[in-house]
Amino acid sequence: MFLQKYLDYSELSAQLADWSKQYPDIVRVESIGRSAQGRDIFLLTIGRDPDEGRPAVWVDGNMHATELCGSSVSLAIAQDVLAIHRGRSEAGGKALPPHMAQAIRETLFYVVPRLSPDGAEEVLKRGRYVRSSLVNDRSNKDHAYWESADIDGDGFAGYMRRMDPEGELVELRDETGEPLDPPVLVARHPEDPGPYFKLYPEGRIANFDGRSVPAPYFLSDNLYDFNRNFPYSWAPEPQQDGAGHYPGSAPETRALLEFATSHPNIFAWLNLHTFGGVLIRPLGDHPDSKMDQGDLAIYEQVEAWMTEHTGYASVSGFHEFLYEPEKPLHGDLTDYAYHQRGALAYVIELWDLFHQLGIERKKPFVDHYSKLTRKDMLALAKFDREHNKGRAFGRWKKVMHPQLGEVEVNGFDPRVGISNPPYERIAETCRAQSAAFLRVASLLPQISVEVVKQERLGEHTRIDLRIANRGYLNTYGLPSAKKLPHAEPLRLTATGDGVALVAPAESVVQIGQLDGWGAGLYGGPSIFLPWTRGNGHERFVTLVAEGSGTLEVKVGSCRVGYRTVDVHVGVAS
């Protein structure tokens, strides 16, 4: 169903439970915490032996309540991973090279399809705008502000308009000068004739004095923007809207932080939002000149796949996605995942609505959201009629408001067709994103331990071991992640059953970090510098044992997990 509609909480729960029953050997469903209203924040883990630590990727969606498509894409990625475990070699309907499919089988996937279960339920069932959570535990509630409410009793709390001679909106007119039917409200220009309108959330004004109508605010009756409640560069209000009381003060974000902190094996992190059709990568707070250039080269590979498989633009958060120039956002998840967890982290704003409307690429990309022309709005109205079954723009219905008098409700619903793809476009959005991301997921380190030679030397046995990284990324991940405390060097430990090492000090051997073979889209050998690197991807260790039995050799770190090889040692009689 998730390819045809946006699932509510019970439907999402049922889908995850169904996979758990179908694939008990590779699927685990658990709750990493509970939302403010007590709903489970589900984590879907996919991979053999999920308790065996090894390189992992993280996918989360729907941390903003209205951005429902993130849940759909999360589930679609999970579905493709399940199919790959059952022998298929494709992602999003596109063929994967066998070695990439095998890398995915060796990788753990942590998928949180809905980080905002309370808010999403409110959006789906009541149409109310919620940024992330319904919680409003501010102490300052004595001022006038808007509270969501169902004014006409139809169970829906969307938007309402009110005719006002000083209103900032007018009805859009077609090429002949006639208002569109159903109407579309646009910003008023000096030349525009009336009537003019104000647009408010459907609801009531708390602490209303009978005269002063407060300006609507996207966080009027809900405190949190979850994507401002993470610890990296967190800043309180008023410096950062939606920041919450302190980093992780929301139970939903705290659950994520606790899981990530206890799982240092996360190397790639996909944070799914809507809308726009763009990949947003670090840095969020500095220009690219301040970024580790090795990191930047790897992101260029990610961006190339995004262009190939989705057609989406790829931008730096600092250069092209600041709502105010030179004013970085604070406390967002991608910055946390990149800077503090060392993950190849980025945001996808799903649903390329601007491209669908034929709008030329703007720079900075964020201008798409604020600089739509009337030609663009006419294209949006046409798209809604022809490709979205008129879900976004409807006819307004008059109703008496208990505080404002006559208003009109239910003429605008951006949930499907604007904030999220039309139902008919969900599947294609999911396929394209899965095709791109599962290639990224195949880049993780792959540690191998093998006995390359074993020979008896009298009463002793000499064992030559090769420890190698067959993966694209280094064992610490991105170049910038090497400095993080949890990016520990690899070490070897050897313990014997009936076997002892001749040199006991060799029971613990520091291996160090191992290079990956990848260096980004343009970071490998070139026509100017054609040489490759040395063998920093491997280490050789020789152990000498005596006795007869099994020598257990364990290699790894908290970052890459551990690989174990049992070496059977015998002494000639």
Side-chain angles (χ1 to χ4, degrees), residues 8-9 12-13 30-44 58-68 70-71 74 110-126 128-141 145 147-148 217-263 266 269-274 284 328-341 343 345 347 419:
D8 64 22
Y9 179 75
L12 177 64
S13 304
E30 59 190 309
S31 174
I32 60 171
R34 289 186 175 270
S35 68
Q37 292 188 335
R39 293 183 176 88
D40 284 311
I41 303 165
F42 289 115
L43 171 76
L44 173 68
W58 170 283
V59 180
D60 69 78
N62 207 176
M63 71 186 308
H64 290 148
T66 61
E67 300 171 9
L68 303 162
S71 294
S74 299
Y110 301 133
V111 182
V112 176
R114 181 161 292 161
L115 193 59
S116 176
D118 297 347
E121 202 73 357
E122 190 80 352
V123 169
L124 284 163
K125 299 294 178 63
R126 295 188 62 237
R128 170 187 172 188
Y129 178 85
V130 179
R131 182 60 169 169
S132 291
S133 167
L134 279 63
V135 168
N136 183 20
D137 59 356
R138 299 177 174 97
S139 57
N140 54 314
K141 291 185 180 179
Y145 62 93
E147 288 185 320
S148 174
Y217 172 49
F218 78 112
L219 295 170
S220 287
D221 62 355
N222 56 107
L223 169 67
Y224 283 104
D225 181 336
F226 286 166
N227 211 26
R228 309 292 182 264
N229 192 232
F230 290 92
Y232 183 79
S233 190
W234 182 86
E237 296 199 37
Q239 186 177 349
Q240 178 60 68
D241 291 342
H245 303 301
Y246 52 86
S249 57
E252 296 87 347
T253 57
R254 186 163 60 253
L256 186 157
L257 288 168
E258 289 174 352
F259 184 88
T261 300
S262 62
H263 290 78
I266 299 172
W269 194 302
L270 179 62
N271 179 219
L272 294 164
H273 292 254
T274 70
L329 300 175
H330 296 277
D332 74 90
L333 176 55
T334 299
D335 274 345
Y336 162 75
Y338 172 75
H339 289 283
Q340 292 182 242
R341 305 313 305 163
V347 167
S419 295

Next item on the list: Dump the intermediate steps for side chain to side chain contact (heavy atoms under 4.5 Å, CB included) on Y217 and Y145, then the final yes or no.
Entry: CA-CA 8 Å; Y217 172 49; Y145 62 93; over 6 Å; no

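The shortest heavy-atom contact between N62 and A120 is OD1-CB, 3.5 Å. Residues P231 and L257 share a closest heavy-atom pair of CD-CD2, 3.6 Å. Closest of all the heavy-atom pairs between P251 and A36 is CG-N, 3.8 Å. Taking every heavy atom of both residues into account, S220 and R138 meet most closely at O-NH1, 3.5 Å. Between S71 and P113, the shortest heavy-atom contact is OG-O, 2.6 Å. Here the shortest heavy-atom pairing between G244 and W234 reads O-CZ2, 3.5 Å.
Side chains of W58 and V112 form a contact here, defined as non-hydrogen atoms less than 4.5 Å apart. Residues L115 and I41 meet the side-chain proximity criterion, which asks for heavy atoms closer than 4.5 Å. Between L333 and F226, the closest side-chain pair of non-hydrogen atoms is not below 4.5 Å. The side-chain heavy atoms of R341 and I266, taken from C-beta on, include no pair separated by under 4.5 Å. Annotation: side chain of N227 is in contact with side chain of N271 (closest heavy-atom distance under 4.5 Å). Residues T253 and M63 have side chains not in contact (no heavy-atom distance under 4.5 Å, counting atoms from C-beta outward). The shortest side-chain heavy-atom distance between H245 and Y224 falls under the 4.5 Å cut-off. In this structure, T334 and W269 have side chains that are not in contact, with every pair of non-hydrogen atoms separated by 4.5 Å or more.
To the nearest 0.5 angstrom, E122 atom CD is 10.5 Å from S133 atom OG. The NZ atom of K141 sits 4.5 Å away from atom CG of N136, with the distance rounded to the nearest 0.5 Å. Interatomic distance, OG1 of T261 versus CG of L256, reported as 9.0 Å (0.5 Å rounding). To the nearest 0.5 Å, the span separating CD1 on I32 from CZ on F42 amounts to 11.0 Å. Taking CG from L12 and OG from S74, the interatomic distance works out to 9.5 Å, rounded to the nearest 0.5 Å. Distance CD/E252 to CD/Q37: 9.0 Å, rounded to 0.5 Å.
Under the 3.5 Å distance criterion, the side-chain polar atoms of E237 are matched with a main-chain donor or acceptor of G242. N229 contributes a side-chain N or O that, together with a main-chain N or O of S249, makes up a donor-acceptor pair within less than 3.5 Å. H263 contributes a side-chain N or O that, together with a main-chain N or O of F259, makes up a donor-acceptor pair within less than 3.5 Å. A donor-acceptor pair under 3.5 Å links the side-chain atoms of R254 to the main chain of G248, judged by distance alone.
Ion pair R131/D241 not flagged as a salt bridge, since none of the NZ, NE, NH1 or NH2 atoms sits closer than 4.0 Å to an Asp/Glu carboxylate oxygen. The pair R34-D40 meets the salt-bridge criterion, since a charged nitrogen lies less than 4.0 angstrom from a carboxylate oxygen. Using a 4.0 Å cut-off between charged side-chain N and carboxylate O, D118 and R39 make a salt bridge.
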